**Student:** 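Mind looking over this structure? Questions follow.
These values consider heavy atoms only, across backbone and side chains, with no hydrogens, waters or symmetry-generated copies. For clarity, every value in this text was computed on a predicted model and none was experimentally measured.
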Amino acid sequence: SFPDFCQRMSDADLNKRVLENLIRCGAFDSMGLYRSQLLDGYESLMDSIAQNKRKNLEGQFDLFGGGGGEGQSAPEFHPKPLQEFSRRELMTMEKETTGLYLTGHPMDEYRELVRQCRAAPIGSILADFAQEGGPTTYHDEQRVTLAGVITASRTKTTRSNTLMAYVTLEDDTASIEMVVF
């Protein structure tokens, strides 16, 4: 169970920040609790474990004496009946903590629309340009339709005092940086 895991790992440098990131990336999804419930209650659980450890250490009298030598069970964990985060929020948490979308991709719900627009997969464009003999399907200055999620952008003022941007666009196959004027 989640409390037992925290109890066992508390001796192995499991701190609140590490535990929060494990929750946010979905490491405990198979335990039957929502990430929202775990994020709501993990701090108090970790505080209880630390408090029990302190009590245990204070109760030790000598090297061979009693009072604290026996293993202690994990504290009770009573999650609140919270709603789970939206699918988009869960994927955002995964991306923030691991750099990857693990349970899906934001473009999943647009797959049919992307197909209808005949958007080129970014992965196929990059693979075509990476060929040893040069690209065969795509070429410079060619117009293509892309569909994706903007994952990063930064603006810059040009010498002629106009704005330009470097935008990273990602679909479910790859990501590409584009220059936008």
**Student:** Quick one: do D108 and H105 satisfy side chain to side chain contact (heavy atoms under 4.5 Å, CB included)? Show the steps, please.
**Tutor:** CA-CA 5 Å; D108 289 346; H105 192 278; 3.7 Å; yes
**Student:** Any salt bridge between R17 and E20, counting N to O under 4.0 Å?
**Tutor:** no
**Student:** Do Y138 and L126 come close enough that some side-chain heavy atom pair is under 4.5 Å?
**Tutor:** no
**Student:** Is N21 reaching over with its side chain to a backbone N or O of T97, donor-acceptor style, under 3.5 angstrom?
**Tutor:** no
**Student:** Is any side-chain heavy atom of L90 closer than 4.5 Å to a side-chain heavy atom of E84?
**Tutor:** yes
**Student:** Can you find a pair of side-chain heavy atoms, one from R24 and one from T98, that are under 4.5 Å apart?
**Tutor:** no
**Student:** Between F77 and L33, is a side chain to side chain contact (heavy atoms under 4.5 Å, CB included) present by the stated rule, with each step listed?
**Tutor:** CA-CA 11 Å; F77 181 67; L33 296 168; 3.8 Å; yes
**Student:** Applying side chain to side chain contact (heavy atoms under 4.5 Å, CB included) to Y110 and D171, what does each step give before you reach the verdict?
**Tutor:** CA-CA 10 Å; Y110 302 103; D171 67 10; over 6 Å; no
**Student:** Determine whether V149 and M107 satisfy the following criterion, side chain to side chain contact (heavy atoms under 4.5 Å, CB included), listing intermediate values before the conclusion.
**Tutor:** CA-CA 7 Å; V149 177; M107 291 301 295; 3.8 Å; yes
**Student:** How close do Q131 and T136 get, counting heavy atoms only, and between which atoms?
**Tutor:** NE2-OG1, 3.4 Å
**Student:** Check whether any side-chain heavy atom of E112 sits under 4.5 Å from a side-chain heavy atom of R115, and report yes or no.
**Tutor:** yes
**Student:** Is there a side-chain contact between L39 and M93 in this structure, where contact means two heavy atoms from C-beta onward sitting under 4.5 Å apart?
**Tutor:** yes
**Student:** Give a yes or no on whether the backbone of T137 and the side-chain of D128 come within a donor-acceptor separation of less than 3.5 Å.
**Tutor:** yes
**Student:** Any non-hydrogen side-chain atom of R35 less than 4.5 Å from a side-chain atom of D29?
**Tutor:** yes
**Student:** State, yes or no, whether a side-chain contact exists between Y34 and D40 at a heavy-atom distance under 4.5 Å.
**Tutor:** no
**Student:** Judged by atom type as modelled, is there a donor-acceptor pair below 3.5 Å linking the side chain of E170 to the main-chain atoms of T151?
**Tutor:** no
**Student:** Might you confirm whether atom CD1 of I150 has over 12 heavy atoms from other residues, nucleotides or ligands at distances under 6.0 Å?
**Tutor:** no
**Student:** Verify, without hydrogens or angle tests, whether S36 (side chain) and Q83 (backbone) share a donor-acceptor contact under 3.5 angstrom.
**Tutor:** yes
**Student:** Do I49 and I23 land in one hydrophobic cluster if side-chain heavy atoms of ILVMFWY residues count as linked below 4.5 Å?
**Tutor:** yes
**Student:** Taking the side chain as every heavy atom from C-beta outward, state whether S124 and T173 have any pair of such atoms under 4.5 Å apart.
**Tutor:** no
**Student:** Between E94 and Y101 (side chain of the first, backbone of the second, donor and acceptor by atom type, cut-off under 3.5 Å), is there such a pair?
**Tutor:** no
